[in-house]
Amino acid sequence: MPEILGASGLSVELGARRGLLRHRPGVRAVDGVELSVREGETFGIVGESGCGKTTLARALLGLQRESGGEIRLEGRSVSGLAPREARRVREAVQYVHQDPGAALDPWWRVGATLAEGLSIHGIPGRAEQQARIAETLAAVGLDPALAERYPHELSGGQQRRVGLARILLLRPKVVILDEPTAGLDLSVQAAVLRLLRDLRARFGLTYIFISHDLSVVRRVCDRVAVMYLGRVVEQGPAETLFAAPGHPYTRALLAAAPRLDGTQTGPALPGDPPSLRAVPSGCRFHPRCGLATPDCAARDPALEDAAPGHRIACLRWRDAA
Amino acid sequence: MSIPVLQVQGLDVELRSERGVARILQDVTFTIPRGGTVGIVGESGCGKSTLLRAVLGILPKGAETPRGAILFDGQDILTDHAASARGRIGFVPQDPYLSLNPVFRAGDQILEIMRRHAPGSRADHKRKIVELFRAVQLPDPEGALRKYPHQFSGGQRQRLLIAAALACDPALVVADEPTTALDVTTQREILALLRRLVAERGLSLLFVTHDFGVLASVCQEVTVLYAGRVAESGPVRAVLDTPRHPYTRMLLACHPDRAADLAGIPGTVPAATAQPSGCRFHPRCPLAQPSCAAAAPPMQALGEGRAVACPWYETPLPETALA
Ligand SMILES: Nc1ncnc2c1ncn2[C@@H]1O[C@H](COP(=O)(O)OP(=O)(O)O)[C@@H](O)[C@H]1O
Ligand SMILES: Nc1ncnc2c1ncn2[C@@H]1O[C@H](COP(=O)(O)OP(=O)(O)O)[C@@H](O)[C@H]1O
Ligand SMILES: [Mg+2]
Ligand SMILES: [Mg+2]
């Protein structure tokens with residue numbers, strides 16, 4: 001499948017102040033990210049909180065201006081644009097917030113919120129709007145009569161479905177799902193994941209699936225990128241990555257996930273990720289890495305092919321196996 | 001045989017609200033032997049936190065006088081949450097970000113708990129806290145006393161709260177989803193710490209979670225709650241390997257590591273004000289018979305410490321339910 005959304009050397013700086021008197025450098029929350037998402041796939045992004053997943057999503061959406069690198073959408077370069085223009089050309093990319101309930105206006109009936117979204121995107125006409133809303137609510141498994149309800153009258157699972165409906169109304173091609181199952185019970189999570197799979201097939205969607213739940217990612221993603229401190233440190237087919245992780249960080253992350261059989265595998269990963277204000281020299285993972293050598297503190301490894309489609313940014317991945 | 005640390009017997013908790021009577025817990029029974037680790041699992045709204053509140057003696061106002069008994073060290077603490085129980089039951093809350101008062105130093109918050117419940121002077125208490133900070137592996141234990149909560153990372157705050165829970169030498173520690181707000185890497189360390197403390201200090205643990213993986217890594221025994229009632233209980237390994245109650249079977253079939261095809265469970269957990277008659281799971285259960293709606297099935301012992309509240313525990317679920 002061809003690439004639908006991609007990035008090369010993508011960097012995003014946050015929190016910089018360029019005043020006359022006080023100049024404060026920002027932090028690079030995303031630092032030289034390489035990414036290529038194929039049409040129709042579910043592309044997972046995993047990593048500890050603060051590693052830059054949401055910032056990367058905001059840059060891909062055009063909500064956060066990149067400070068360097070390139071973003072491609074359907075073969076066209078769409079980077080380097082002013083915010084409004086950036087968002088306009090990336091209308092085909094939409095974002096579903098971790099807690100879509102929070103994004104619904106509590107004083108508005110669900111239907112009114114959904115209709116407003118359509119109006120903003122230039123789909124006028126009450127009849128046309130109502131028809132689309134009813135059709136989309138049904139597609140996400142909700143009774144169209146729910147349009148008359150207020151957000152607080154909905155369960156967590158229903159709110160998430162409404163959040164999805166809101167995005168689907170805009171007919172996106174790529175949907176970025178930011179922690180779509182966080183805080184959901186297993187039974188609701190299973191229903192949401194199944195719905196996402198059905199919607200992908202029905203509407204020909206491509207997903208970027210951001211999650212910290214590795215069991216879920218393994219289950220639903222075709223390919224996965226692992227982020228650490230603003231970088232992609234490993235990327236590959238989900239099967240390969242979970243069966244034979246190459247980067248020591250990926251190994252530690254997978255080993256940390258609690259397993260149903262109660263076993264613990266692999267070494268623990270001590271400590272918290274370092275601050276973006278003090279990014280370690282060389283490989284930024286080296287202070288927490290059991291395999292680090294003096295070379296790792298000096299050289300910053302780039303992603304290299306370990307196998308076709310499986311890329312690892314580590315000087316020592318060959319010794320890790 | 002020593003007396004169990006905790007015996008919960010036939011516990012009913014009801015709350016009166018403007019929506020009617022919320023029958024939150026009904027006939028909940030389980031035991032924690034000395035040094036035992038018992039997990040409570042179930043989806044949100046099943047009554048897990050209310051159960052912990054009853055054990056801690058902090059049920060919300062408006063709770064009808066609960067029926068049944070909670071025995072701590074053999075003493076009934078349900079009706080009279082005797083001073084002896086306070087402090088002897090440590091509590092680790094869910095969210096380390098919300099559970100510390102941001103304007104007080106870490107040391108002062110724990111000293112305040114100890115002033116109320118533990119014997120000894122302030123200097124004794126300080127020494128004890130530093131020792132505990134060391135035991136929970138907080139960096140710079142002496143310096144940590146004077147730090148404010150925001151100066152700790154999420155994982156360190158959870159260590160701090162574990163130290164606070166241990167401050168008055170509890171016999172029992174109760175924890176309400178203590179790692180859900182943490183990354184998996186941090187979660188793994190906190191769970192390892194809890195396991196170590198339980199082993200080294202002979203603690204007993206009552207551990208609420210909705211995560212079967214976390215349950216498997218911490219607890220020996222499990223009680224599965226559904227809509228305020230015990231669905232099944234037994235050794236964790238046995239229950240996870242061969243779940244018996246249709247609810248447990250269907251819930252485990254939703255786990256992404258298990259699911260044949262992400263099955264799901266039709267319907268939702270009922271509101272506590274609208275509990276179904278009979279077996280509370282019957283409206284969602286593919287095995288339900290008319291008798292299930294008539295009377296709540298009693299717990300039956302299955303041997304090897306297992307029990308289940310369903311007569312159909314040996315009947316296979318239809319393929320479609322596990323699709
Ligand atoms: N406005 C800001 N100024 C400085 N740093 C920020 C700002 N917003 C976010 N950050 C930092 O950027 C990093 C990445 O954040 P985020 O993209 O939200 O991570 P994730 O979604 O992976 O948890 C974090 O370390 C966060 O503290
Ligand atoms: N103060 C209260 N008043 C009325 N209902 C309550 C109150 N606290 C909890 N409930 C209800 O009791 C049920 C169990 O809640 P809770 O113990 O928090 O469950 P869990 O911790 O398993 O999610 C829920 O249906 C909840 O709405
Ligand atoms: Mg995020
Ligand atoms: Mg709770």
B/Cys254 vs A/Gln189, side chain to side chain contact (heavy atoms under 4.5 Å, CB included): CA-CA, chis, key distance, verdict: CA-CA 8 Å; B/Cys254 292; A/Gln189 167 175 294; over 6 Å; no
B/Gln187 side chain near A/Pro258 side chain, heavy-atom distance below 4.5 Å: yes
Reported CG-to-CZ distance for the pair B/Asp257 and A/Arg219, which is rounded to 0.5 angstrom: 8.5 Å
Close side-chain approach of B/His255 to A/Leu186, heavy-atom, < 4.5 Å: yes
Side chain, backbone, both or neither of B/Glu189 within contact of chain A (heavy atoms, under 4.5 Å): side chain
Over all atoms of both residues, closest heavy-atom pair of B/Pro256 and A/Ser215: CB-O, 3.6 Å
Test item: A/Asp185 side-chain N/O and B/Ser44 main-chain N/O as donor-acceptor pair under 3.5 Å: yes
Heavy-atom contact with chain A under 4.5 Å, split by part of B/Leu251: both
Nearest-0.5 Å distance, CG of residue B/Asp211 to CG of residue A/Leu260: 8.0 Å
Atom group of B/Asp241 that falls short of 4.5 Å from chain A, counting heavy atoms: neither
Approximate separation, where rounding is to 0.5 Å, of B/Thr268 OG1 and A/Gln158 CD: 8.0 Å
Heavy atoms of other groups near A/Glu153 CD, more than 12 under 6.0 Å: yes
Separation between OG of A/Ser187 and CZ of B/Arg284, rounded to the nearest 0.5 Å: 5.5 Å
Heavy-atom neighbours of B/Glu142 CD exceed 12 at 6.0 Å: no
Closest approach of B/Arg237 to A/Gly262 (non-hydrogen atoms, all atoms of both residues): NH1-N, 3.9 Å
Expected output: side-chain B/Arg188 to main-chain A/Ala255 donor-acceptor under 3.5 Å: yes
CZ-OG1 distance between A/Arg288 and B/Thr185, expressed to the nearest 0.5 angstrom: 6.0 Å
CG on B/Asp183 to CG on A/Leu269, rounded to 0.5 Å: 10.5 Å
